[in-house]
Protein chains: 2
Amino acid sequence: MSQASSFSNNRAEDDARSTRELIIAESLRCFAESGYDGTSLNDIAAGVGIRRPSLLHHFASKEALYAEVFEKLLADWLEHLDIAVADRALGWAKVELVLNAGFQLFEDTPDYVRMMRREALDGGTHPGIDLAAVLRPLFDAASAYFDAQMEAGVFKRHNSRHLLITGYGAILTYFSDAAFIDGLIDDDALTKEHIAEHRDHVLSFFKSALIG
Amino acid sequence: MSQASSFSNNRAEDDARSTRELIIAESLRCFAESGYDGTSLNDIAAGVGIRRPSLLHHFASKEALYAEVFEKLLADWLEHLDIAVADRALGWAKVELVLNAGFQLFEDTPDYVRMMRREALDGGTHPGIDLAAVLRPLFDAASAYFDAQMEAGVFKRHNSRHLLITGYGAILTYFSDAAFIDGLIDDDALTKEHIAEHRDHVLSFFKSALIG
DNA sequence: CAAGATACCTACCTACTGGTAGGTAGTGCG
DNA sequence: CGCACTACCTACCAGTAGGTAGGTATCTTG
């Protein structure tokens with residue numbers, strides 16, 4: 001009856017992986033849209049086209065499912081950002097590279113941003129997840145980079161750690177609060193055009209503050 | 001038996017208002033901390049020291065309670081910000097005035113910020129609440145102000161609407177995501193000192209981008 | 001004092017939550 | 001074929017959600 005089982009002509013393992021992935025994808029959608037408490041396992045199961053017990057056959061518990069979705073989120077982000085971070089560009093070029101990579105990533109997966117925001121907002125409520133601990137090496141490295149560039153006179157002097165927090169807020173908010181921003185600008189904030197507009201603004205604004 | 005009724009020697013109306021206010025205050029705490037779905041009426045009632053049915057004697061429903069808490073939030077914010085907005089200062093002085101008023105307000109009521117963020121994140125899920133509609137006049141007025149100042153050459157050219165969105169994100173995030181930022185800076189982000197640090201950074205950063 | 005209102009209570013309702021028990025159809029393999 | 005395994009199902013469990021019914025004690029007012 002379910003769509004999933006109609007594919008079971010293929011190898012069983014393929015089907016298994018596919019259903020797991022469907023569950024993770026639907027969970028991401030639901031958790032991003034309604035949060036952990038606002039999402040029931042029935043919601044997710046219904047979105048996938050199976051029953052709750054079948055979902056719990058693939059994941060031990062709601063907590064475990066949430067943790068796995070979140071781990072995938074972090075892994076995807078770190079993978080994509082590492083490419084930009086690893087680039088040997090210097091000065092403003094590197095900042096622009098990372099910001100562009102971030103905007104591209106967030107444009108592709110706005111649900112990730114909303115889920116991440118909810119997690120930051122909850123502040124470590126979910127057991128086994130320590131967002132800050134994972135991101136802190138990146139934070140420290142970025143802070144050191146800015147300090148070095150400021151020391152060298154490439155960037156104007158700012159508090160590098162607060163600069164990063166400001167940037168984090170400025171960029172993620174556009175995606176996490178898109179539904180609210182829709183109402184401010186009276187249009188869909190997540191169109192390609194509006195995102196590009198915001199990206200251009202953030203780039204020129206930060207460049208203006210860092211270089212002049 | 002309850003603490004509330006032990007005060008009933010006073011005028012009944014006083015007591016009534018007081019219990020209502022206790023409920024609203026506790027609701028704010030809970031909604032900010034755990035969100036709408038993560039907060040049960042039992043949680044709130046327990047925090048006040050009464051039972052759930054007694055709480056529902058003061059408020060028709062959970063939705064109605066949430067709406068009233070949120071209306072109070074908006075009213076408080078608009079009241080405080082209007083004072084700064086109404087000031088006849090011009091150029092950077094006015095921006096600094098409003099930003100300082102905002103920081104002071106958010107420092108006093110960080111729970112408001114978290115609740116507001118959750119609402120922006122949910123994006124109009126709660127019936128009878130349209131955050132964007134309320135804030136839009138302010139948004140449009142602020143946008144016009146920046147456009148005029150840029151036109152007059154007081155500020156460097158930026159996209160005023162995206163500038164406001166960037167500022168909104170940069171400032172509110174520090175308070176809404178404080179628990180996460182704690183983990184990044186390895187300290188309580190909401191101490192007077194750290195807030196002042198962030199305020200100083202935001203002020204100098206924005207001044208740097210707007211004036212140079 | 002009597003009437004009415006207020007603020008609280010216990011007991012109960014239905015709906016839904018996360019999770020489990022136990023069963024079945026289909027697949028791969030010795 | 002027979003065994004083990006996977007992926008799904010229905011039926012159930014205890015717990016909790018928001019909300020209601022109906023009662024009691026206290027205070028205000030005529």
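Under a cutoff of 6.0 Å and an axis angle of 45°, K62(B) and Y36(B) form a cation-pi pair.
The interatomic distance linking E63(B) (CD) with dA17(D) (P) rounds to 17 Å, in whole Å. Separating the CD1 atom of I50(A) from the C1' atom of dC9(D) is a distance of 11 Å, rounded to the nearest angstrom. Counting to the nearest Å, the P atom of dC9(C) and the CG atom of L55(B) are 10 Å from each other. Atom CZ in R51(B) sits roughly 12 Å away from atom P in dC8(C) (whole-Å rounding). Put simply, CG on L56(B) is 12 Å from C1' on dA17(D), counting in whole angstrom units. If you measure from atom CZ of R52(B) to atom C1' of dA21(D), you get 13 Å, rounded to the nearest angstrom. Look at NE2 on H57(B): it is 17 Å from P on dT24(D), rounded to the nearest Å.
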Legend entry - From CA spacing to verdict: ring pair (Phe, Tyr, Trp, His ring centres under 6.0 Å), F106(B), Y174(B): CA-CA 10 Å; F106(B) 301 153; Y174(B) 188 81; over 10 Å; no
Inset, instruction - Quick one: do Y168(B) and D177(A) satisfy side-chain hydrogen bond (donor to acceptor under 3.5 Å, both in side chains)? Show the steps, please. - result: CA-CA 10 Å; Y168(B) 154 78; D177(A) 294 20; 2.4 Å; yes
Legend entry - Intermediate values then yes/no, side-chain contact (heavy atoms from CB on, under 4.5 Å), D182(B) and D187(B): CA-CA 5 Å; D182(B) 285 353; D187(B) 201 356; over 6 Å; no
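For the residue pair A84(B) and A101(B), the shortest heavy atom distance occurs at CB-CB, 3.7 Å.
OP1 or OP2 of dA7(C) has not a single side-chain nitrogen or oxygen of S54(B) nearer than 4.0 Å. For dT6(D), neither phosphate oxygen OP1 nor OP2 lies less than 4.0 angstrom from any side-chain nitrogen or oxygen of H58(A).
In the set dC9(D), dG18(C), dA7(C), the nucleotide with an atom closest to the side chain of K62(A) is dG18(C). Listed candidates were dG18(C), dG19(D), dC8(D). Nearest to the side chain of T19(A) is dC8(D). The nucleotide whose nearest atom lies closest to any side-chain atom of P53(B) is, among dA11(C), dG18(D), dC8(D), dA11(C).
Remark: S204(B) engages H158(A) in a side-chain contact (heavy atoms from CB on, under 4.5 Å) (not counting sequence neighbours).
In this structure, S40(B) OG and R52(B) CZ are separated by 8.0 Å, a value rounded to the nearest 0.5 Å.
Helical stems involving DNA chain C, defined as 3 or more consecutive Watson-Crick or G-U pairs under 3.5 Å, span C:1-30 with D:1-30.
Of the options R114(A), R117(A), R118(A), a salt bridge (Lys or Arg N to Asp or Glu O under 4.0 Å) to D122(B) is made by R118(A) and by none of the others.
Judged by distance alone, the side chains of E197(A) and H162(B) do bring a donor and an acceptor atom under 3.5 Å apart.
Taking a 4.0 Å limit (strictly below) on heavy-atom distances, residues 26-45 of chain B reaches DNA chain D at T39(B), S40(B), L41(B), N42(B).
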